[in-house]
Amino acid sequence: MKITLDILQVLMLILGAPLVHGIIARLKARLQRRRGASIWRPYAELFKLLRKEELVPPTSSAVFRLAPIVLFGATVCAAAFVPVVHASALLGSRGDFFLFVYMLVLGRFFLSLGALDGGSAFGGMGASREALVSSLAEAPFLLGLVAIAVLATRADIAGMVAWTLEQNIFNISAVHILALTSLAMVILAETGRMPVDNPTTHLELTMIHEGMVLEYSGRSLALVEWASAIKLHTMFALLIALFFPWGMAFSVSGWGVVVALLLYCAKTAVLMILLSVIESAVAKLRMYLVPDFLGVASALSALAVIFTMWVKR
Amino acid sequence: MLTGPIGAAFVFLLAVLSVLVPLILIASRAEGARRLAVALIVTASFAGCVVAVSSFLRQPGPVLDLSRATPFPFSLAVDRLSAFFLLLVCAVAIPVTIFAAPYFDLHYSERRRNWTWGFFSMFLLSMIVVVTAATGFAFLVGWELMTLVSAGLILIEGDSTERRHNVFIYLLMMHVGAAAVAACFFLFLPYSHSLDFGAIRAACLGMPGGIRAAIFLAAFVGFGAKAGLIPMHLWLPRAHPIAPSPVSALMSGIMLKTAVYGFVRFAFDFLAGGPWWSGYVVLVVAAVTGLLGILYAIAENDLKRLLAYSSVENIGIIFLGLGTSLMFLAHGAPLGAALALVAALFHAFNHALFKSLLFLGAGAISNSTDSVNLNELGGLQRRMPFTGAAVLIGCCSIAGLPLFNGFVGEWLTFRSFLAGSTLINTKAQIILPLMVGILALIGGLAAACFVKTFGMAFLGRPRSTGSEQAEEAPIGMRVGLALLSAGCLAIGILPGLLLRPLVTLVQVLVPGAGVPEETLSIARIIPWTAAIVLGTGALVALFKRRERIARTWACGLPGLTSRMQYTSTVFSKPIRFVFARVYRPDRKVEELPADQHYFPVSISYRSVRTTSYERALYRPFVDGVVSLAYRLRRLQTGNIQVYLLYIFLALVSLLTFLRFQR
């Protein structure tokens, strides 16, 4: 029973991901006084791309074709680490957060290689910028998680979530606030959202993620887009699980799971609204201000780790 | 002691490398003789692997005592720590030798080939002597031989002034290191009365703290110079790139590990942990080494120099583990110490595999394209798919990606940092978890560095005619590459293969440790993640896919050219920009003609990194020594009366000294 629920959680993160993208696009459109497309549009787009013929640059090699597959596989594997409706996940209690973060690195590594294999100027541009952002984002990401892990004295994500569930919501410490802030900043950078990267742009001066996927089409593009949607959804689920897990089912009972699922949807909705407000209100940072942005995140997460010394009993 | 088949195999290993192979090569210059020599080296290395594995499983291992024939006690013994490093040396030696056979044939004239193989064999022998030495004398003999023979191997490739200068720096720094190592043994001598390792170990218990601290520092400096810890890394990016690629593979892959072996032998086996501050010192030096090493690597465009700097980085990661282990020992937490030590040794083994793989890959590239400049490569994956696949595995491993072996070592180091938070009443409980951030930064930059390396060399369009006309490497080279990449994959997916024996080994070095739980959990989880990643990948690869080759739209131009691609220099530009304070670049832009600013005929741009350790650290030291020597020269006037006065003064002062001593 438990394992079924764990698998359902992963499927939910994977299959629900395009919907999250769709809702955010719709919310942003509304905030910008446009009507916006249907929230189901990303699914239609995926189906369309999966059916279409793929155009491949003549100079590209097997790496170009392999990259989206590895990216997708690694992202799905990362999704299997995160608890959604109960404090457990398929790999959540055996694997720890280091493995989770490095799974995402694996995907990104291959996507960058695929971008370079396109042989055009934009792929290299995207890969080079991605290299900068991701290499600087890794430290605050891990440090923020370390702070929570030190408090919970566990390193597996499911264990950390279970520990948080036992705490009182009013009993949160400075460590949590600092870690939450830094992780939220890192997630904006990792998933390529504003102010670090603009997911809707195709202007060569600014694009990072879009530059990397410019040469992709057909099935490969579908996999890349789906994987980035899964990544965003997984990150939302991670934030919720680590900082607002209250309401998750303690045991695998019918009603508990239903309530937990509804609460999860509500929490995700709040995050989606926040993200679309940020994306509509904030201008994109200049490329060389991104290190400052991530530097602030690193400082916050380092502070979070330092403060654990006093919070821990 | 030398009984049974294992003893015989050990003698066979030493005899082949020291006597048989050189004799064959001296006796004959025929092609067949060389083939025989190569076959013998491979067989001997295989015998070495067997000796290592069996003496690891069944202690005591073989002991070879030659003390009667040598002026000082000289004996070799294979205990568990030696067996582990013997396996490392021999396991990497096999693929490198197989690779080197066609490589040396293609690159050297007949006469040089014999010399090269002779030195090659002696180089392997010297490293085996170092890791199996059971007396200080044997250790120092092996240590010295290793330096000299590798210098010889570098000089075989050519002897231009620049090369000689680099080799000179290499030899100089190695001898400073060797002096420090020798000093360690002399510091032991008054207490142990013998250079035998057993006696030294026993004597360590009763030594005063000051002497122990001095030995620790001398060992750290001595082995740190060999390992290439910053700022003693100066020789490494000079010596490794100019050696022939298989020799670079041995130097980076194995020779650096002998320094790790030496440090573990001294700090853990003999001293059983240093003074309380030792962990902090090692940790700080290691963090600086790792961070600066990878930053310098990412700015390099010469593939072999890039790999050399990345060796500096990886040595940093290994010493991060060792420093953490010392810290745990100082705080009386053997379990954490065991975990961190396992992490360091595990990473040392992995680095031997993937770094020699990458250096061999660089050899295959230079063999096919006559260049190792990343700005001249590109598009090789389509031309050399096999080499490309092997190098890709190496790049993934060294970047620390999960499912490859580099990840497991970094993961263990991460977890040992995290375990530091369980220490109580010490600053270490904060410092160690914060080190996660440093290692994460190193890991992130390493991933960026090896995206660049693989992307620039193998992907996209070729940037020169050399890489345009490149052909796949010959079969011997491919076998060498395949063996090493298979090793990386096997340990990456089934880390338990190596972790279980390592845990056993660490029980000996850190008494009372028990089995760290993390080593079990990683071995359990990695195959599952591999199954999920590969399963999902296979599932989506089943989706129907039609493909058409189409030229990329080039904004209306006739077509894309390789000059429109990002180059290696440009790729690393954002990172070099952000870390400009580290590189302190010196840029020169020259426009011709100089007066026409808006319509120049040609613009040349040059940017050089100016963080020079020679200028900032070594030059003042050398200047100081030289000026002191000049000052002392005034004593020598050439006047015989003055010399008589010196003798008289010396006599008087000696007599005075004796008078007051009584």
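Nothing here was measured: the structure is a model prediction, and the numbers come from that model.
If you measure heavy-atom distances from A:Arg108 to chain B, you find no contacts under 4.5 Å at all. Within the 4.5 angstrom heavy-atom criterion, only side-chain atoms of B:Ile526, from C-beta onward, approach chain A. For chain B, the nearby part of A:Ser220 is the side chain; its heavy atoms alone come within less than 4.5 Å. B:Glu410 touches chain A through its side chain: at least one heavy atom from C-beta onward sits under 4.5 Å away, while N, CA, C and O do not. Proximity to chain A is limited to the side chain of B:Phe407, based on heavy atoms less than 4.5 angstrom apart. When heavy atoms are compared at a cutoff of 4.5 Å, B:Leu560 approaches chain A solely by way of its side chain, counted from C-beta outward. Looking at A:Glu53, both its backbone and its side chain come within 4.5 Å of chain B, counting heavy atoms on both sides. Only the side chain of A:Phe81 comes within less than 4.5 Å of a heavy atom of chain B; its backbone N, CA, C and O stay farther away. Residue A:Phe141: no heavy atom, backbone or side chain, is found under 4.5 Å from chain B. Looking at A:Tyr288, the atoms closer than 4.5 Å to chain B (heavy atoms on both sides) all sit in the side chain, from C-beta outward. Both the backbone and the side chain of A:Ala127 come within less than 4.5 Å of a heavy atom in chain B. For chain A, the nearby part of B:Leu418 is the side chain; its heavy atoms alone come within less than 4.5 Å. Neither the backbone nor the side chain of A:Phe100 comes within contact range of chain B; no heavy atoms are under 4.5 Å apart. Interface remark: B:Ile525 contributes side-chain atoms only to the contact with chain A (heavy atom separation under 4.5 Å). Contacts between B:Ile431 and chain A at a heavy-atom distance below 4.5 Å are absent for every atom of the residue. Using a 4.5 Å cut-off between heavy atoms, B:Val578 contacts chain A through its side chain alone, with no backbone atom that close.
Against chain A, the residues from residues 378-394 of chain B that qualify, each with a non-hydrogen atom under 4.5 angstrom away, are B:Gln381, B:Arg382, B:Leu392 in number order.
Note on B:Ser572, B:Ala447, B:Ala538, B:Ser521: by heavy-atom pairs under 4.5 Å with chain A, the leading option is B:Ala447. Taking B:Val436, B:Thr536, B:Ile532, B:Val451 one by one and counting their heavy-atom pairs under 4.5 Å with chain A, the maximum is reached by B:Val451.
A donor-acceptor pair is defined here as one N or O able to donate and one able to accept, closer than 3.5 Å; such a pair exists between the side chain of A:Arg219 and the backbone of B:Ala541. Here the side chain of A:Ser135 pairs no donor or acceptor atom with the backbone of B:Gly444 at under 3.5 angstrom. Side chain of B:Arg461 to main chain of A:Ser120: no donor-acceptor pair is present (N/O by atom type, distance under 3.5 Å, no hydrogens or angles).
Within the 4.5 Å cutoff, no side-chain heavy atoms of B:Val570 are placed close to those of A:Met125. Within the 4.5 Å cutoff, no side-chain heavy atoms of B:Leu439 are placed close to those of A:Glu138.
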### Evaluation steps, side-chain contact (heavy atoms from CB on, under 4.5 Å), between A:Leu136 and B:Leu441
CA-CA 6 Å; A:Leu136 295 179; B:Leu441 187 56; 4.0 Å; yes
### Message
Test side-chain contact (heavy atoms from CB on, under 4.5 Å) on B:Trp411 and A:Asp96; report intermediate values, then the result.
### Response
CA-CA 10 Å; B:Trp411 185 89; A:Asp96 64 352; 2.9 Å; yes
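With values rounded to the nearest 0.5 angstrom, B:Thr529 atom OG1 is found 11.0 Å from A:Leu90 atom CG. Between the CG atom of A:Leu132 and the CD1 atom of B:Ile298 there is a distance of 9.0 Å, given to the nearest 0.5 Å.
Between B:Phe414 and A:Tyr102, the ring-plane angle classifies as tilted under the 30° and 60° cut-offs.
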